[in-house]
J.: 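This is the structure I want to talk about, given as structure tokens.
Here is how names work: the chains are called A, B, and so on, in the same order as the sequence lines, proteins then strands, and each is numbered from 1.
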Amino acid sequence: MFALVDCNNFYVSCERAFNPALEGRPVIVLSNNDGCAVARSNEAKALGIGMGAPLFQIRDIVKRHDVAVLSSNYALYGDMSARVMSILSEAAPAAEVYSIDEAFLDLRGMDRARREAFGQELRARVRRWTGIPVSIGVAPTKTLAKMANHYAKKTPALEGVLDLEDLRWRERALHKFPVGEVWGVGRRLNKRLEAMGIRTAAQLRDAHPKMIRQNFNVTLERTVRELGGQSVIALEEAAAARQSIAVTRTFGEKVTEYAAVSEAVATFAARAAEKLRRQNLLAGAVLAFIQTNRHTPQDAQYARSITVTLPEARDDSYTVLTAAREGLDAIWRDGFRYQKAGVMLLGLVGARQFQRSLFASPPVAGSAQLMGVIDHLNQRMGRGAVRFGAEGVAAQSGQWRMRQERRSPAYTTRWSELPCVAA
DNA sequence: TCTGGGGTCCTAGGACCC
DNA sequence: TCTGGGGTCCTAGGACCC
């Protein structure tokens with residue numbers, strides 16, 4: 001049996017944990033650049049604010065109902081996530097941290113009665129220790145546990161926990177569950193399935209796996225089997241090796257100048273290299289891309305990416321930054337209003353298991369030590385305390401930097417922003 | 001008219017997830 | 001005027017190998 005533990009409205013719950021005045025009010029948290037609503041409290045959902053709704057389209061609702069609007073605060077959410085996950089990992093013999101706000105637990109060998117108590121107890125513990133409310137779905141496959149979790153979250157009478165071992169209950173749940181809500185069925189598949197007359201999870205389960213594989217793909221075939229109670233997606237305790245690292249941003253304002261885009265790309269490259277070193281990896285290639293605003297087709301459009309292969313896998317900022325700028329120069333075109341740029345690192349290998357090249361010149365002497373010092377300083381004194389000249393000076397070139405107008409304090413990760421409690 | 005079998009690697013595009 | 005960011009997997013087609 002698997003349990004899926006999912007934090008309710010996670011980003012909003014993190015904000016509420018430190019600002020109780022947000023309790024009972026409609027609250028939304030915005031994406032980077034204060035663009036879209038990416039987390040909504042139940043009150044905000046009830047007002048009809050959709051997932052991913054652009055802020056400028058919901059201004060009226062926000063004003064009329066006094067919705068609390070917050071910029072995203074990833075330092076806070078990341079730290080709160082780590083706290084929740086450590087509690088969950090200790091609670092079960094095996095756990096898979098599936099996303100920032102979800103984990104699968106292995107409940108093998110636990111009988112029905114014990115699972116019941118376990119679920120309620122775990123929920124209470126996470127709430128008490130972190131302030132975060134969670135819902136728990138239990139079932140013999142991950143896909144069914146996901147479905148159970150949906151019901152646990154939306155049906156108050158269940159008190160946050162639903163166990164679908166019982167076949168009659170599972171059958172009822174499957175019949176009511178829209179196929180588009182099934183884990184692994186997105187917008188496109190939903191449309192194609194509905195066109196075939198498959199509208200519920202039960203109908204998808206009853207489809208022939210072979211037919212599904214022929215008309216769709218293996219992944220959906222696995223989903224069919226999982227809905228039928230056959231567990232084919234295993235719990236993955238150890239995180240798989242990372243394949244890529246990306247740093248991409250939408251600009252605060254549209255940008256037309258090469259100098260500004262170049263600064264942005266350099267900043268993303270340096271940040272990506274920092275992530276690379278933190279994960280003890282080396283990159284074999286650097287991809288850079290730029291694009292105009294796809295939402296305004298009446299404007300001239302341009303989008304290109306380029307991959308620059310390094311002679312030898314590296315992790316120093318200088319190499320990554322140089323490659324990214326070389327790439328940018330190759331794809332740059334004057335005369336467009338650019339909206340977004342990014343840098344991705346590909347061909348990642350572990351720092352101790354990479355293939356040395358016969359022909360690449362060796363890294364600059366002292367480079368590793370230099371990067372160590374830069375990372376250390378930036379960690380202690382704040383991101384960007386030490387940076388490359390190519391990244392520009394924030395005060396002088398705000399144009400491309402993202403907007404974040406209502407960010408809450410880094411309550412748990414910065415001494416100066418620690419909340420004070422007066423008795 | 002007839003034209004093998006078994007592979008790998010790379011890239012682009014499509015689909016999904018949170 | 002204002003529309004996020006960071007990932008994964010699968011498939012098809014092209015190019016190549018023996």
J.: If every non-hydrogen atom of A:A269 is compared with every non-hydrogen atom of A:A324, which pair is closest and at what distance?
T.: CB-CB, 3.9 Å
J.: How does each nucleotide of nucleotides 1-8 of chain C score, in 5' to 3' order, for protein heavy atoms under 4.0 Å: base (B), sugar-phosphate only (S), or none (-)?
T.: -BBSSSSS
J.: Using whole Å, report how far CD of A:E236 lies from C1' of B:dC17.
T.: 14 Å
J.: Answer with base, sugar-phosphate or nothing: what part of the nucleic acid does A:V97 contact at a heavy-atom distance below 4.0 Å?
T.: nothing
J.: Indicate yes or no: does A:E171 engage A:R205 in a salt bridge with an N to O separation below 4.0 Å.
T.: yes
J.: If I take atom CG from residue A:L204 and atom OG1 from residue A:T143, how far apart are they, to the nearest 0.5 angstrom?
T.: 10.0 Å
J.: When A:S135 is tested against each of A:V161, A:L162, A:N149, A:L158 for side-chain contact (heavy atoms from CB on, under 4.5 Å), which residue passes?
T.: A:N149
J.: Out of curiosity, A:F336 CZ to A:D299 CG, how far, rounded to the nearest 0.5 Å?
T.: 10.5 Å
J.: Could you check whether the rings of A:Y302 and A:Y338 sit parallel, tilted or perpendicular, using 30° and 60° as the cut-offs?
T.: perpendicular
J.: Check the pair A:T412 / A:L76 against side-chain contact (heavy atoms from CB on, under 4.5 Å), numbers first and verdict last.
T.: CA-CA 6 Å; A:T412 61; A:L76 175 64; 4.0 Å; yes
J.: Please report, rounded to the nearest Å, how far the P atom of C:dC9 is from the OH atom of A:Y98.
T.: 11 Å
J.: To the nearest 0.5 Å, what is the distance between CZ (A:R222) and CZ (A:R213)?
T.: 7.5 Å
J.: What contact category does A:R213 fall into here, base, sugar-phosphate, or nothing, at under 4.0 angstrom with non-hydrogen atoms?
T.: nothing
J.: Could you state the atom-to-atom distance from CD of A:E221 to P of B:dC16 in whole Å?
T.: 17 Å
J.: CD1 of A:I100 versus C1' of B:dC17: gap in Å, rounded?
T.: 14 Å
J.: Is the A:F104 to A:W183 ring centre distance short of 6.0 Å?
T.: yes
J.: In sequence, state the C-alpha distance, the side-chain angles, and the governing distance for A:E43 and A:S41, and then conclude on side chain to side chain donor-acceptor pair (under 3.5 Å).
T.: CA-CA 5 Å; A:E43 298 82 358; A:S41 69; 2.9 Å; yes
J.: Within this structure, what is the OG-CE distance for the pair A:S305 and A:M344, rounded to the nearest 0.5 Å?
T.: 7.5 Å
J.: Report the secondary structure of DNA chain B in dot-bracket form, marking unpaired bases with a dot and bases paired to a different strand with |, and treating Watson-Crick or G-U pairs with both distances under 3.5 Å as paired.
T.: ....||||||||||||||
J.: Under 4.0 Å from any atom of DNA chain C, heavy atoms only: list the residues of residues 301-326 of chain A that qualify, in numerical order.
T.: none
J.: Just how far, in rounded Å, is C1' of B:dC18 from CZ of A:R187?
T.: 15 Å
J.: If I take atom CG in residue A:L4 and atom P in nucleotide B:dC18, what distance separates them, rounded to the nearest angstrom?
T.: 9 Å
J.: To the nearest angstrom, how far is A:R188 atom CZ from C:dC10 atom C1'?
T.: 16 Å
J.: For A:L193 and B:dC16, what is the distance between atoms CG and C1' respectively, to the nearest whole Å?
T.: 13 Å
